[in-house]
Structure formats: structure tokens, C-alpha cells
Amino acid sequence: MMKMKFLYLVLLATTGIAAIDGNEILKKMDLNRTWKSIVSTAKMEIIVDDEVRVKTMEISGLSEGNRSLVLFTNAEDEGTKYLMLGDDLWIYFPEENDVVKISGHMLKEGMMGSDVSYEDALEADKLSDKYDVAITGEEAYNGNDCHLLTLTAKGKDAPYFKRVMWVEKRRFIAWKEELFAKSGRKLKVAKVLEVKEIGKMWYPVKVEMINTLRKNSRTVFTTESISLDAPLDESMFTMRNLRR
Amino acid sequence: MKAGRMNAQRHIAAVVVVTAFFAIEGATEKSGLAAHGSLQFDASGWYRGHAGADSTLLFAGTNMLTLTIRTLQPKSAKVEGLIDIYQVYGTYAALVHSTANDRTITALSGSAPILADLRMLYGALYLPWADITLGRQVVNYGKGMLLSPLDVFSTVNLFELSFKRSGSDIVMASFPLGEVSGIDAVTGFPIGNSDYATSLRAFTTLSGWDVSAAGMYRHHSREGIAGIAFKGDAVAGLTGEIVTRYNRDSREWRFEAMAGADYSIRTIFFFGTEYLYRQEGTPHPVYDRHNLFVSLQYVINDLMSVSLVTLAALPEENALATLQYSWDILQSVNTILYLRNYHLKGFGPLLPQGEAGVRVVIHF
């Protein structure tokens with residue numbers, strides 16, 4: 001009887017572990033991107049064959065309302081700003097004193113000619129809000145035991161129709177991600193190259209994005225400095241400030 | 001005449017004093033001033049083959065230095081200046097006198113004249129309830145890429161590869177009304193006989209659509225202008241402007257409307273188009289009753305692209321087409337190879353029929 005009880009407990013415990021479902025994994029992944037505010041400096045290396053072009057920027061963001069402001073600081077784009085408020089994005093070009101609204105479908109365009117789209121760069125919605133998830137396997141990736149997740153878009157507002165993710169079991173870091181169109185065509189591959197522990201979070205500070213539709217082209221996005229949850233003035237995220 | 005000149009001098013003196021105040025405030029911001037710019041080299045061959053004359057092949061070249069100075073991260077005040085200083089060669093040099101406008105300063109004439117175009121020089125003061133700017137600046141009212149009947153203050157230079165806009169000498173007060181809404185009040189300066197405009201514009205974003213309404217008055221031509229503009233997304237990006245003009249002298253109403261769309265396929269092919277209808281009235285050197293602008297771009301990779309830009313105006317049959325290949329050849333260095341075809345009746349021998357050239361831009 002004791003033996004039976006032990007077996008029952010083992011079975012219950014293992015069932016409990018196995019029962020972590022996709023939604024729980026997504027929620028734990030979302031915790032790795034949960035902050036009130038972010039201030040960072042970053043560089044974007046656009047690599048085609050052996051050629052490298054570097055863009056640098058300062059990023060400020062508030063998670064409430066999905067608000068962010070990006071100021072480009074490299075010579076050719078100096079003073080160009082992006083303002084994102086929810087799903088709306090505007091670009092300010094200082095030489096033309098022009099504010100251009102980026103329409104829904106154009107959000108898929110590469111940011112400053114890179115492989116990172118505006119949607120990729122500014123995505124802040126919780127994955128669990130936009131995707132249905134299924135655990136489709138387990139696989140080691142770069143020495144980390146990973147869940148293999150398949151995410152399918154709940155609606156048309158999701159940036160990609162399908163996403164396949166390699167999510168580390170211990171720290172819930174999505175080390176690799178493949179992004180697909182509705183036709184089944186693979187559009188992009190994203191790889192986390194480096195993470196940094198900030199408080200209880202594991203923040204991806206170096207990410208590589210490969211656009212499979214473009215030959216020999218990839219972009220490496222590196223966060224060089226980062227400060228989370230510092231107080232930010234809400235008036236930064238307004239049309240008035242964008243035009244200044 | 002004398003009174004008018006004195007009046008103009010008083011206006012200029014007032015502008016100088018107020019701009020100097022803004023400049024001191026802007027320059028003393030903690031972050032200071034930042035300067036950057038570019039060097040641009042253009043060399044092209046012009047083909048001319050007008051009826052009744054022998055065809056000719058001419059050389060045209062421009063070296064241009066663009067300098068920008070602006071306050072870094074302005075909090076309470078800002079100054080910004082942008083100047084193009086350029087030296088022209090060959091056929092361009094011969095055309096300097098016919099192409100230089102009243103805001104272009106010819107510093108030296110000769111076989112390779114040096115010119116300067118001060119496109120921006122303004123000061124801004126940021127008050128809790130409004131942003132006040134004074135001086136030469138670009139005022140961009142339209143939503144279109146090229147064909148915007150609402151753009152009264154700063155017009156697009158159609159002959160420039162990147163369609164630069166000119167600056168206007170104005171004072172502007174911008175009143176914010178929430179995150180994405182506001183009212184802009186703008187007026188030009190009454191100097192000499194040149195026309196100037198005063199305007200009021202309200203703008204906001206509704207359900208993801210940028211919407212604005214503007215009313216303007218051109219003082220010397222005694223013309224009232226009212227219009228609305230919008231830009232948003234419905235499968236493709238959509239843009240529109242509807243403008244009506246009333247001239248108090250001729251007591252005539254005129255109507256202009258622009259509709260545009262843009263779309264991208266797999267982030268490789270980009271397509272944009274605009275159609276502008278202008279009711280007969282004020283003549284324009286290029287635009288006519290029906291105007292169509294089409295832009296096609298193929299992105300080869302993150303560093304290279306090919307694009308075709310065309311503008312056609314009917315019934316005058318004016319047309320301008322540019323095929324260009326752009327390559328970010330080095331960090332901060334962009335090269336453009338271009339072919340242009342001009343069919344603009346109002347310009348006669350001033351422009352070539354065909355042009356093939358190369359442009360190199362170095363940013364610093």
C-alpha cells in the first residue's frame with residue numbers, strides 16, 4: 001500500500017511537471033519582458049555578405065500604453081525619431097520637418113533598411129494575447145534544454161501567422177525563433193546571442209535577425225546600456241515632443 | 001515705397017533680436033549644440049536634342065557641403081540651422097542665373113560659381129502651453145509624398161533627386177491638445193511685394209488615421225485656402241487631401257484634390273502612387289489639371305535598391321522620370337547612379353532631354 005502511495009505521488013509530481021502548458025511558458029517568457037520603463041542605447045549592425053553598416057540609437061519606453069521613442073544618433077540618420085503609441089507609429093525626419101505616419105502593412109518594412117521590421121523592434125504586446133500555443137517537442141539548443149513551442153496567430157493583428165520557438169526550460173529564454181507567413185513560407189529567423197540578468201529578468205541584449213527573403217543578409221541588434229523602471233516623463237511620448 | 005522699406009527693416013530688426021534671444025536660450029541648454037552634415041558630389045552628362053538643332057552632350061557637376069547645427073535634447077529652447085553651400089560646374093554654372101531664386105545667395109560668379117541656400121535657421125522657445133518658433137523653417141502641411149495641394153509654405157523641389165523642401169520665413173505657435181493632437185498657427189512676414197500667408201491648422205489621430213484641417217490666407221494674392229488631409233491604412237496605406245481656394249479679386253472658387261496609396265510586398269517591392277487634380281487657375285511650371293506620381297522600388301538587399309519614380313501632368317504632357325540604383329557603398333557613404341528623362345515644355349532648353357549621372361554622399 002505504501003509502495004502504491006509512493007508511486008501515486010511520483011506520478012502526480014511528474015504529471016505536474018509535464019503539465020506545464022504552453023500558456024504558462026508564454027507567461028513566464030512574458031515575465032522576462034515585464035518592465036514599467038526602459039531607457040537604453042543600442043546599435044544595429046546591418047550585415048550583407050562581409051559588409052557591415054552600423055546605426056546607433058537611444059530608446060525610451062513605457063510599457064503602459066506601449067509607448068516608445070527612438071532617436072537615431074549615427075551620422076546619416078542623426079535626429080530621425082520614431083514615436084510608437086500603441087499600434088500607431090510615426091517617423092520624424094528633421095531636415096524636412098516632416099512627421100510621417102507608418103501605416104499598418106508598412107510596419108513590416110525593415111527599420112532603417114535592416115532585417116528588423118518596425119513591428120519586431122517595437123513589439124511589446126504579450127505573446128499570450130496574440131497567439132495560441134502548443135508544445136510540439138523538446139530539443140537542446142546551444143547546450144540548453146528547450147521546449148519547442150509552436151505559436152499560431154489568434155487574429156490578423158499578430159505580426160506573424162506562425163512562430164516556432166526554442167525556449168529554455170530553466171530561465172524561459174527564447175533562444176531561437178522561426179517566423180512564418182500564412183503560406184508556410186519561412187520569413188525570418190531570430191537568435192538570441194547574449195542575455196543579461198537584470199533583477200529577476202533575463203534580458204536579451206544581443207539578438208541576430210536573419211531575413212530569409214533576402215540573400216546573405218542579417219542584422220545584429222545590441223543593447224549597449226540599459227536601465228529599467230527609471231522614472232520617465234510621459235510628455236516624452238507625444239507628437240509635440242516628436243516635432244521638437 | 002520708403003515707408004514700406006522702413007517697415008521691412010523694422011520687421012527684420014525684430015526678427016534678429018528675437019532669434020538671438022532664442023539662440024542664446026537654445027545654446028545654453030545643458031546638452032549644448034551638435035553639428036553634423038554631409039558632402040555630396042554630383043557628376044552627370046546632359047543630352048540635348050531639340051528639334052531644329054544638333055544634339056549635344058554636356059557635362060554638369062555639383063559639389064555640395066551641407067551643415068546642420070541644432071540643440072541636443074532641447075528642454076526649454078532650441079536653435080537649428082541648415083545650410084547648403086555648393087559649387088557648380090559645366091552646364092549648371094551656365095544656368096546659375098536662371099535657376100537661382102531669391103533665397104539663394106550667389107557668393108562668387110565665374111566658371112564654377114559658389115552658391116549658398118540657407119534652408120533653415122530658426123529659434124524655438126518651449127513654453128508649458130505652446131511651442132513658439134521663429135525664423136526660416138520647413139512647414140509640412142501635406143500628407144502626400146510629392147503632390148500635396150495643402151503645402152503652401154514649403155514646396156518640393158521636383159528637380160532634386162531626393163525631393164528636398166525649401167524653407168519659409170515664418171513665426172509659428174503650436175498649441176498641444178493631448179498626446180497626438182494640436183493646433184498650429186503660422187504666419188509669414190510682410191516684406192516687400194512678396195506674397196506671404198497666415199494659417200491655422202488643427203490635427204489629430206482618429207482610429208489610427210492622421211487627420212488635419214487647415215485654413216490659410218495669402219495676403220498679396222488675396223486668396224483664401226481651406227482643406228483637409230488624412231493618412232491611414234486600409235489593406236494599403238491611403239492618403240488624401242481636399243482643398244478649395246477662393247480669390248477675392250476674381251471671385252473665383254477653385255478645387256484641388258489628391259488621392260494616394262502605398263503598398264509593400266514581402267518587404268522587397270514597394271509601390272506608391274498619388275493622383276492630383278487641379279482645377280484650372282494659377283499656372284504651375286510642371287503641374288497641370290491631371291497629375292500622376294508613381295514610385296516603384298525593388299530592395300536587392302539591405303544595402304542596395306533600384307527605384308523608378310515618374311511624374312506625368314496632363315493635358316500639357318509634362319513628364320519627369322528617374323531610374324536610380326542606390327548602394328550604401330561604405331559606412332556613411334551612399335552612391336546613386338541615375339538616369340533621368342525630362343519632358344517639361346515650360347523649361348525649353350534649360351533642361352536636358354536625358355541625363356545620366358552619379359551622386360556620392362558622405363555623411364559626417
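We use all heavy atoms of the structure for the numbers below, so side chains are in, but hydrogens, waters and symmetry mates are not. In what follows, chains are A, B, ... by sequence order, proteins preceding strands, each numbered from 1.
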Tell me, yes or no, whether the heavy-atom count around K36(A) atom NZ, taken from other residues, nucleotides or ligands under 6.0 Å, exceeds 12. no
Below 4.5 Å, heavy atoms only, C-beta onward: do T205(B) and D88(A) meet side chain to side chain?
yes
Within residues 144-161 of chain B, the residues sitting under 4.5 Å from chain A by heavy atom, in sequence order, are none
Whatever's closer than 4.5 Å to a heavy atom in chain A on I329(B) counts as backbone
When rounded to the nearest 0.5 Å, the distance separating CG of N97(A) from CG of L82(B) is 11.5 Å
Min side-chain heavy-atom separation L213(A)-I268(B) under 4.5 Å: yes
Electrostatic pair K164(B)-E95(A), nearest N-O below 4.0 angstrom
no
Under 4.5 Å to a heavy atom of chain A? For S174(B) that would be side chain
For residues 53-61 of chain A against chain B, heavy atoms under 4.5 Å, the residues are R53(A), V54(A), E58(A)
Highest number of heavy-atom pairs under 4.5 Å with chain A among V299(B), T68(B), D262(B) belongs to D262(B)
**Prompt:** Would H363(B) and E78(A) satisfy side-chain contact (heavy atoms from CB on, under 4.5 Å), going step by step from the backbone distance to the final call?
**Reply:** CA-CA 10 Å; H363(B) 300 272; E78(A) 170 83 42; over 6 Å; no
When every non-hydrogen atom of P94(A) is compared with those of R70(B), the smallest separation belongs to CB-NH2, 3.3 Å
Residues of residues 44-51 of chain A with a heavy atom under 4.5 Å from any heavy atom of chain B, in residue-number order, are I46(A), V48(A), E51(A)
**Asked** Does CH2 belonging to W327(B) count more than 12 external heavy atoms closer than 6.0 Å?
**Response** no
Is the side chain of K101(A) donor-acceptor paired with the backbone N or O of G208(B) at a distance under 3.5 Å, no angle test? yes
Turns out that what part of F163(B) lies under 4.5 Å from chain A's heavy atoms comes down to backbone
Ordered numerically, the heavy-atom neighbours of chain B under 4.5 Å found in residues 229-244 of chain A are F237(A), T238(A), M239(A), R240(A), R243(A), R244(A)
Okay, D77(A) and chain B: the region with an atom under 4.5 Å from a heavy atom over there is neither
Counting heavy-atom pairs under 4.5 angstrom with chain A, the leader among V180(B), L303(B), N301(B), T239(B) is L303(B)
Honestly, the part of Y263(B) sitting under 4.5 Å from a heavy atom of chain A is both
Applying a strict 4.5 Å limit to non-hydrogen atoms, the region of V52(A) in contact with chain B is backbone
Any side-chain heavy-atom pair from D328(B) and E76(A) closer than 4.5 angstrom?
-> no
Can you tell me if S217(A) and D302(B) form a side-chain donor-acceptor pair at under 3.5 Å? yes
